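Bear in mind the structure is a predicted one, so any value in this text is a computation, not a measurement.
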Amino acid sequence: MMLMLGVLAAALSGAAAAAQPHILFIVADDYGYNDVGYHQNQKSSANPGGQPTTNAAAGILPTPILDQLAAEGIKLENYYVQPLCSPTRSTFMTGRYASHTGVGPAVIRIDWPYGVPGRETFMPELLKSAGYATHAIGKWHLGACDERYLPTFRGFDSYIGYLSGAQGYYNQAGDRAGVGANKLPTCLGPAFANNYSAVLFAEEAALNAKTHSGPAPLFQYLAFQSVHNPYDVPPVDLIDVNKTFPEIVNYERRVYAGMVVILDRMVGQVIQAYTDAGLWDDTVLIFTSDNGGIGPGSNYPLRGMKVLNWEGGIKAVGFVRGTNSAMAPIATATTTRQLMHSTDWLPTVCRIAGMSEPLATLPLDGVDQWDVLANGHTTKRQFISHNVPVGTKPVPYTVDGKTEYSTSSCMDAVDPRTGTCLPFGVTGSAMRKGSFKLLITFPGPHPWEDSSPAGTPQYTPGGRFPNGTAAFTPATNNTVPTPFNGTYFLFNIDNDPTESFNLAETMPEKLTELLADYDSYAATAVA
């Protein structure tokens, strides 16, 4: 389950390739599985029968640029992330599960005194050692209480964006910008008070491409705010959501549709900048969401949403487009259903960058998937830790004389700079082994949110007409499973992607096997 990779050395094990591709890593925030064009009303791993997944009243969201880019590469149809922002982004950067870094299952609040621990090696640090110019744009959400948690202290040459988990789309005056390793980014200031974030971030990525020069290959981590809440109406000169989507019944869904259109368009603007700068033919593009959709987003026919360990929270939109040149090509119009996880990006990106091994200071949970993507090989991954809280019983602690509850983990065990024991765990667990998925729900009342709650429905799009009729009615009935012994779910995801049929009672040997695997893995989590 874990790959030991030694200690970061001054010289890479295996020299970087003489010619290295540029790498563009784009993240969409809270992007619904059913909100990309190539999943809507189409066959997919979640919808093998090709049943309708939306309609005009519920919102058919056009994403022609993302659809085209995905068609020019490989779609990832068995690809998973964590159910929340900070945990997933930490897996991108470290190649390690959230339960090994200590970042998760919950997000890092901007006022909490910790971040991804300094003992972790970040992807851009490795890429810099391989000769890359590295730039981060957009949402960070990996720690901000100490300057050493910030992007320019973790391997990026420059950064522009916001450090928290969410803010208004027109509130960039307080965003940070800075150039230079180990230099503190400063506030953008009032001149940026009314910039729509998707435009600002795309323009910055385009500028980096335009001004890039010299022999160093370019790595950009472009983490859009789109389409996280708040659902701010995009600028009317970019899209008039009421004129463009008058058929969408729910107004918030209409605004969300406009946000998706702008996201798609801004990705296209960045690609055009790479093309104009002569970089595109030698660029590998990685596109991923950080978790499932929520609010007006749609994950249908998957069950659940962001925050939850059900498939709607963790099965991600993702694709990779290889270079047009011979540097790192990928066959066009391909799809893989090989199991992948967000921890895999670090070793895979390092492989793309020409490293024979991604050398890290701590054991990696990710596996190199480049041969799966480029050569159609079988993945080495057979296991995913979706969510493993350390402790499933309420542990009381006192804050200002009031009793609060958490799981049994403390961030000061991971990073002593925190100085206090703060909660970061929730109940509810999940893991994947081969085609089988184990979910553990918390039986009974508890003082915090469970991440695998029983009774979770499929996450349908749309809202309702004024007469109360649903904008979208699924073609098939929603079979909501019940937990075995009030606690356990077992699903064969390959056969049952909507998690409708609990096998825990009828397959006791498989349940016992996965519970033993879960206990074995949980023993390795930080405590």
Side-chain angles (χ1 to χ4, degrees), residues 1-5 25 27-28 31 33 45-46 74-105 116 120 122-123 286-292 299 302 304 306 308-320 335-352 358 360 362-373 377-388 429-439 451-452 491 493-494 497 514 517-518 521-522 524-525:
M1 287 185 277
M2 295 171 62
L3 180 63
M4 300 296 292
L5 291 177
F25 194 114
V27 182
Y31 193 24
Y33 183 85
S45 58
I74 186 167
K75 299 171 185 173
L76 312 180
E77 286 295 307
N78 204 6
Y79 166 55
Y80 291 88
V81 294
Q82 300 301 114
L84 276 168
C85 310
S86 298
T88 292
R89 292 160 199 270
S90 72
T91 64
F92 293 157
M93 289 294 136
T94 68
R96 286 164 44 81
Y97 289 134
S99 48
H100 284 155
T101 62
V103 180
V116 180
E120 302 290 343
F122 272 33
M123 181 190 294
I286 296 167
F287 182 92
T288 175
S289 55
D290 66 339
N291 44 244
N299 303 315
L302 299 176
K306 170 188 175 176
L308 304 183
N309 298 317
W310 296 93
E311 292 290 283
I314 58 177
K315 191 177 181 73
V317 176
F319 61 84
V320 183
T335 298
T336 180
R337 296 195 179 184
Q338 297 291 312
L339 193 61
M340 291 186 64
H341 185 257
S342 50
T343 53
D344 297 339
W345 290 125
L346 184 141
T348 302
V349 165
C350 286
R351 169 79 176 281
I352 294 170
L362 294 170
L364 294 184
D365 298 301
V367 299
D368 174 10
Q369 299 277 17
W370 182 246
D371 283 331
V372 173
L373 301 173
H377 290 189
T378 300
T379 182
K380 297 176 182 177
R381 176 174 289 285
Q382 295 298 318
F383 172 89
I384 294 176
S385 166
H386 291 309
N387 195 37
V388 182
S429 307
M431 60 163 282
R432 176 80 173 264
K433 185 178 183 181
S435 60
F436 286 93
K437 179 179 178 181
L438 171 71
L439 270 82
S451 60
S452 302
F491 301 106
I493 297 299
D494 287 351
L514 266 64
D517 289 337
Y518 172 83
Y521 177 80
T524 72

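Atoms OG1 and CG, on T348 and D371 in that order, are 9.5 Å from each other to the nearest 0.5 Å. Taken from CD1 in I352 to CG in L373, the straight-line distance is 7.0 Å, to the nearest 0.5 Å. Of the inter-residue distances, the one linking Q338 atom CD with I74 atom CD1 reads 9.0 Å to the nearest 0.5 angstrom. Rounding to the nearest 0.5 Å gives a distance of 15.5 Å between OG1 of T379 and CZ of R337. Taking CD1 from I314 and CG from N309, the interatomic distance works out to 6.0 Å, rounded to the nearest 0.5 Å. To the nearest 0.5 Å, atoms CD1 (I286) and CH2 (W345) are separated by 4.5 Å.
Taking the side chain as every heavy atom from C-beta outward, L362 and E120 approach each other to under 4.5 Å. For the pair M93/T101, no side-chain contact is recorded, criterion being any heavy-atom separation below 4.5 Å from C-beta on. Residues T343 and H100 fail the side-chain proximity criterion, which asks for heavy atoms closer than 4.5 Å.
For S342, the side chain to side chain donor-acceptor pair (under 3.5 Å) test picks out T91, with sequence neighbours left out. The salt bridge (charged side-chain N to carboxylate O under 4.0 Å, His left out) test applied to K433 returns E513, D517, not counting sequence neighbours. Every residue was checked against the ring-ring contact (aromatic ring centres under 6.0 Å, His included) condition with F122, not counting sequence neighbours, and none meets it. Applying the side chain to side chain donor-acceptor pair (under 3.5 Å) criterion to T336, with sequence neighbours excluded, gives no partner residue. Not a single ring-ring contact (aromatic ring centres under 6.0 Å, His included) links Y31 to another residue, sequence neighbours left out. Annotation: side chain to side chain donor-acceptor pair (under 3.5 Å) contacts of E311 (sequence neighbours excluded): Y80, K437.
The backbone N or O of P363 lies less than 3.5 Å from a partner atom in the side chain of R96, making a donor-acceptor pair. Proximity of a side-chain donor or acceptor of S45 to a complementary backbone N or O of E77 within less than 3.5 Å is detected. Between the Q82 side chain and the H386 main chain, a donor and an acceptor come within less than 3.5 Å of each other. In this structure, the side chain of K75 does not engage the main chain of V317 through any donor-acceptor pair within 3.5 Å.
Listed here is the closest heavy atom pair of S289 and F92: O-CZ, 4.2 Å. Across all non-hydrogen atoms, the minimal contact from N299 to G304 is ND2-O, 3.2 Å. Residues D344 and Q369 share a closest heavy-atom pair of OD2-NE2, 2.8 Å. Contact detail for S90 and V103: the closest heavy-atom pair is OG-CB, 3.9 Å. Annotation for V81 and H341: closest pair C-NE2, 4.2 Å, computed over non-hydrogen atoms. Heavy-atom minimum distance, I384 versus M340: CD1-O, 3.7 Å.
The closest side-chain donor-acceptor pair between N291 and T88, if any, does not fall under 3.5 angstrom.
The aromatic rings of F383 and Y97 lie perpendicular to each other, with more than 60° between the two planes, well past the 30° mark.
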